[in-house]
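Here is the structure we will look at.
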Amino acid sequence: MQHDPLAWETFELSTVAVRAGVHRTNEGEHAEPIFATSSFVFGSAAEAAARFGGSEPGNIYSRFTNPTVRTFEERLAALEGAERCVATSSGMAAILATCMGLLKAGDHIVASRSLFGTTPVLFNNFLTKFGVEVSYVTLSELESWRLALRPNTRLLFLETPSNPLTEMVDITAVAELAHAHGALLAVDNCFCTPILQRPLDLGADLVVHSATKYLDGQGRALGGAVAGSAALLESVYSFLRSAGPTLSPFNAWIFLKGLETLPLRMRAHCEGAQVVAEWLALQPEVARVYYPGLASHPQHALAQRQQRGFGGIVTFEVKGGRAVAWRVIDATRLFSITANLGDVKSTISHPATTTHGRMSPEARTQAGVTDGLIRLSIGLEAPADLISDLALGLKG
Ligand SMILES: *Cc1c(COP(=O)(O)O)cnc(C)c1O
């Protein structure tokens with residue numbers, strides 16, 4: 001196969017999203033082919049030996065690597081500005097592979113308290129079984145990150161903006177703290193995608209993704225990825241190759257196609273979310289709106305500096321608690337009632353009784369996830385139609 005020869009760091013992201021990572025076979029195909037094959041054949045016994053021995057690069061078996069998967073990995077690496085990226089079977093597998101590849105018994109993780117709900121479950125219920133310790137801190141408070149560091153802290157882990165309250169932290173400041181302590185910083189960049197935020201440019205060591213969300217963008221497939229330096233990624237890759245939560249070629253192809261429209265979609269998600277957030281902020285039935293693009297957001301200035309857009313997630317609190325929140329959700333005709341996000345179809349959810357339902361009421365209140373809170377993921381429908389939909393229940 002003919003290799004991709006261009007220096008992608010010299011191109012704009014919208015070009016990279018469409019063109020990076022392309023390998024051509026001799027068949028003259030224009031779109032990227034799907035290599036639906038579990039294994040590969042060798043030209044000779046000597047070539048097989050060289051591939052297995054590692055002295056010659058190339059395909060062996062699709063748990064190790066597959067050309068369609070590699071095309072997706074190379075394109076996402078170029079978008080994140082990473083030396084290397086490895087794809088995984090889900091976002092959670094990306095987080096697991098990062099930890100299994102880079103941590104050992106006795107190591108300590110410092111993570112923000114406001115993470116995607118399954119991430120602390122993975123940390124608390126499984127990593128601790130292998131002797132890894134975990135502490136949680138308040139995302140936006142740098143001092144709480146500093147105080148949580150221990151001699152054995154090896155990894156700092158965060159999402160910014162957070163779900164559902166769009167709380168943020170200065171990635172560069174946390175990276176400096178990590179590095180001064182000999183630790184690594186991993187950022188789950190699922191909400192922003194590289195189009196809005198490139199954590200590696202800001203000093204992070206690793207980026208993890210749930211490709212299931214914006215990278216696909218059309219709710220079709222589950223997948224994930226880890227990106228960073230070649231040296232760190234080699235450890236993550238060797239776990240994946242041994243354990244097997246790798247990405248299927250078909251899902252890789254879906255995400256490749258998703259990446260091509262990602263810059264355009266992210267722009268539209270941001271524009272729509274801004275319109276909806278500004279409208280919500282004016283409604284007397286709404287107590288508060290959480291959206292980094294509003295001047296009222298406590299970290300609006302950080303969002304302007306750190307991100308190239310404010311994202312598609314808008315959270316708001318209605319007056320009247322759970323009864324009113326459920327009324328607003330049930331009155332919508334266009335929004336899908338689901339906890340999924342990052343789709344062309346707008347979604348609506350009630351965090352207190354779904355994604356954050358397993359937390360104790362006290363912990364939930366402390367986290368700011370009140371009974372009146374509603375989270376929106378703004379899709380590509382016309383913002384005016386989405387506003388009409390929200391008005392039905394709000395004005396009810
Ligand atoms: C969905 C999600 C994950 C987990 O991804 P899966 O693909 O569902 O395994 C991790 N982090 C964030 C921020 C997510 O939204």
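All ligand and atom numbering here is 1-based and tracks the order in the structure. Only heavy atoms go into these numbers, but all of them, side chains included; no hydrogens, no water, no symmetry mates.
- Among the atoms of Met92, some N or O lies under 3.5 angstrom from an N or O of ligand 1.
- Of all protein heavy atoms, the one lying nearest to atom 11 (N) of ligand 1 is Asp188 OD2, 2.6 Å.
- In terms of polar-atom proximity, Leu222 is not counted as a contact of ligand 1, lacking any N or O under 3.5 Å from an N or O of the ligand.
- Atoms of ligand 1 found under 4.0 Å from any heavy atom of Gly91 (numbered from 1 in listed order, with element): 5 (O), 6 (P), 7 (O), 9 (O).
- Looking at atom 7 (O) of ligand 1, its nearest protein heavy atom turns out to be Thr212 OG1, 2.6 Å.
- Taking every heavy atom of Glu159 and a limit of under 4.0 angstrom, the matching atoms of ligand 1 come to 13 (C).
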_Test log, rule side-chain hydrogen bond (donor to acceptor under 3.5 Å, both in side chains), inputs His179 and Asp205_ = CA-CA 9 Å; His179 298 157; Asp205 301 285; 2.7 Å; yes
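- At a threshold of 4.0 Å, the pair Arg70-Glu73 does not count as salt-bridged, since none of the basic side-chain nitrogens sits closer than that to a carboxylate oxygen.
- A donor-acceptor pair under 3.5 Å is formed between the side chain of Asp216 and the backbone N or O of Ala221.
- Close approach of ligand 1 to Gly223 is summarised as follows: ligand atoms under 4.0 Å from at least one heavy atom of the residue are 7 (O).
- Scanning the protein for heavy atoms near atom 4 (C) of ligand 1, the closest one is Phe116 CE2, 3.3 Å.
- Using a cutoff of 4.0 Å between basic side-chain nitrogens and carboxylate oxygens, Arg267 and Glu271 are not scored as salt-bridged.
- Between Trp326 and His350, the angle of the ring planes goes over 60°, which puts this pair in the perpendicular group of the 30/60° scheme.
- Side-chain contact annotation: Ser336 with Thr338, donor-acceptor N/O pair under 3.5 Å absent.
- Ion pairing of Glu234 with Arg84 is present here, as a side-chain N (NZ or NE/NH1/NH2) and a carboxylate O approach within less than 4.0 Å.
- Ranking the protein heavy atoms by distance from atom 15 (O) of ligand 1 puts Lys213 NZ, 2.6 Å first.
- A salt bridge does not link Glu317 to Arg288: none of the charged side-chain nitrogens sits closer than 4.0 Å to a carboxylate oxygen.
- Here's the thing with Thr119: none of its N/O atoms is less than 3.5 angstrom from an N/O atom of ligand 1.
- Protein heavy atom in closest approach to atom 5 (O) of ligand 1: Ser210 OG, 2.9 Å.
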